[in-house]
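Shown next, in structure tokens, is the structure this report addresses.
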2 protein chains.
Amino acid sequence: MPQHLIRKLQQFAPLSEEDGRALEDAASRKVRIFGAHQDVIREGDAPEHVNLILEGWACRYKQLEDGRRQIISFFLPGDLCDPHVFVLREMDHAIGTITSVRLAEIHRDQMLRLTDEHPRITQALWWETLVTAAIQREWTVNLGQRTGLERIGHLLCELFIRPRGVGLTEGDSCLLPVTQVELGDATGLSNVHVNRVLQELRSRELIVLRGKRLSIPDLEALQRVALFNVNYLHLEREGRRLEESHLIPG
Amino acid sequence: MPQHLIRKLQQFAPLSEEDGRALEDAASRKVRIFGAHQDVIREGDAPEHVNLILEGWACRYKQLEDGRRQIISFFLPGDLCDPHVFVLREMDHAIGTITSVRLAEIHRDQMLRLTDEHPRITQALWWETLVTAAIQREWTVNLGQRTGLERIGHLLCELFIRPRGVGLTEGDSCLLPVTQVELGDATGLSNVHVNRVLQELRSRELIVLRGKRLSIPDLEALQRVALFNVNYLHLEREGRRLEESHLIPG
DNA sequence: CGTTAAATTGAATGCAGTCAACTTAAGTGG
DNA sequence: CCACTTAAGTTGACTGCATTCAATTTAACG
């Protein structure tokens, strides 16, 4: 079931078959399905388990008292929502679906067993956690420094390259099941302005966007326009170093 | 030496004397001093050790090719710069000082020993890591949704409450050794606008700011204006639950 | 085919940026 | 300790990117 997670973690370091089986087991105990635009967990709730996205898109978000809403990150298939959340007493943000979503609830004891018995998974989850933090930092830069055009361009680069790592793209195109309002909530722009920026990107032939499908005919060109530097995704098989090290027994 | 770190971790769960000694040992092997406005580590460098701020202020930042600079987070005394950063091959951001800084370099083996032999420290570092991530999320909201006035107000609340947790405030005031340019780099505002916002906050008697000292006569009022909800700092002694649980032997 | 959500367009407004000059504070060396 | 230098803070005028409001078109869906 959790092919996307396994595939993603293997970007960091190869997992053994046993590691894979352990992940499959953990991800098959409790599978739930949510419709589009539903809350998986709300701000203030106590986290009970780790959610693993198997299918569909979700997001973290926070809402201010007056209704303003910020999408803090997107969860794609293979993404884990905070392997260690239950260290905290309550959620400081909500997790909601974008599309309909199939996810696995992994119990805390299950997570502990996974990391206790599988050092390679532990390391890979650390990598996952650090990359998630790096993405959050990059979003900070995006919102703080980039113009509207750059912001949307940057987000589209990320939302193409991340799924590509788990085999969810076809050539230069991928699914983008996100409304313009949601793009605005993620980039701090109004939906009206998102629309205008998308038109500008289209007219410059940097993107093709019809329905829920995004194509990027010249990714490098879009990256240039968006000042996108892929280094923050740490995709360069960091694990090679790991294999040579003494940290993880072969 | 690392009283601030110990004090901070104890907000989460009480540490034993032995835990404290282990932290003191780890933090005294190699201590370095930096002047103000220097780089501790640059983007692209390989992380060699964990930095623990003993004294002074530092920050993470990222710079775009054209010079635009975003401060991603502030490091105060007691803050650890990514306990597991060496899982990654290279830094995706820089760490620079704000004031002159005294910091301890903790070697990776030292970190591993610390977490191997002290489960309570491990848990407390997890809490630290999760709170750091929560702060980064809140900054995302800050930059994406709040107005200039709210942004600065929110940041000032955070920069008062965080040091208060480690004993670095006196009554309603604390040090704020940050220029208006740096406040702008952190909030995505121009220095000119930061200046005007600060004047507005002063004229509403929400802050007193002279030199490097900040006073907040009515914290709740400032929190209201800034839409500041303290929950994301997770200060409510999460450890109580920990003590009752089976995860950590008493 | 009708209903609702999403996308698009135009016009008017405003928050924040830029540029440039000036003042004040801080730091340094004679 | 003061003169000099540089950094930090402040002010005004002008500009512009992005928002808001409102209307309209298009697409999605039962």
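Here is how names work: the chains are called A, B, and so on, in the same order as the sequence lines, proteins then strands, and each is numbered from 1.
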- Message: Students often get this wrong, so: under 4.0 angstrom with heavy atoms, is Arg68(A) touching a base, only sugar-phosphate, or nothing?
- Response: nothing
- In the 5' to 3' direction, the nucleotides of DNA chain C bounding the stretch that comes under 4.0 Å of a heavy atom in chain A are dA6(C) to dA11(C)
- Sequence neighbours left out, what passes side-chain hydrogen bond (donor to acceptor under 3.5 Å, both in side chains) with Glu128(A)? Give chain and number order. Lys8(A)
- By salt bridge (charged side-chain N to carboxylate O under 4.0 Å, His left out), Arg202(A) pairs with (sequence neighbours left out) none
- Residues at least two apart in sequence or cross-chain that pass side-chain hydrogen bond (donor to acceptor under 3.5 Å, both in side chains) with Gln199(A), listed by chain then number, are Asn195(A)
- Which of residues 136-157 of chain B have a heavy atom under 4.0 Å from DNA chain C? Thr147(B), Gly148(B)
- Message: With the threshold set at under 4.0 Å for non-hydrogen atoms, list the residues of residues 180-198 of chain A touching DNA chain C in residue-number order.
- Response: Gln180(A), Val192(A), Asn195(A), Arg196(A)
- Message: Using five pairs at each end of the helix from dC1(C)-dG30(D) to dG30(C)-dC1(D) to define an axis, what is the angle between those two axes, to 10°?
- Response: 60°
- Message: List the residues meeting side-chain hydrogen bond (donor to acceptor under 3.5 Å, both in side chains) with Arg224(A), not counting sequence neighbours, and say none if there are none.
- Response: none
- Query: Glu182(B): what forms a side-chain hydrogen bond (donor to acceptor under 3.5 Å, both in side chains) with it, not counting sequence neighbours?
  - Reply: Thr179(B)
- Message: Could you work out, with salt bridge (charged side-chain N to carboxylate O under 4.0 Å, His left out) as the rule, every residue matching Glu48(B), not counting sequence neighbours?
- Response: none
- Query: Can you name the residues that form a ring-ring contact (aromatic ring centres under 6.0 Å, His included) with His93(A), not counting sequence neighbours?
  - Reply: none
What does the list of N/O pairs under 3.5 Å between the protein and nucleotides 25-30 of chain D look like, with a distance for each?
none

- Task: State yes or no: are the ring centers of Tyr232(A) and His154(A) separated by less than 6.0 Å?
- Result: yes
- Message: Checking Glu200(A) against Arg196(A) for the salt bridge (charged side-chain N to carboxylate O under 4.0 Å, His left out) test, could you report, in this order, the C-alpha distance in whole Å, the side-chain angles of both residues, the deciding distance, and whether it holds?
- Response: CA-CA 6 Å; Glu200(A) 173 73 16; Arg196(A) 284 170 183 144; over 6 Å; no
- Message: When you compare the side chain of Glu105(A) with that of Val50(A), does any pair of heavy atoms fall below 4.5 Å?
- Response: no
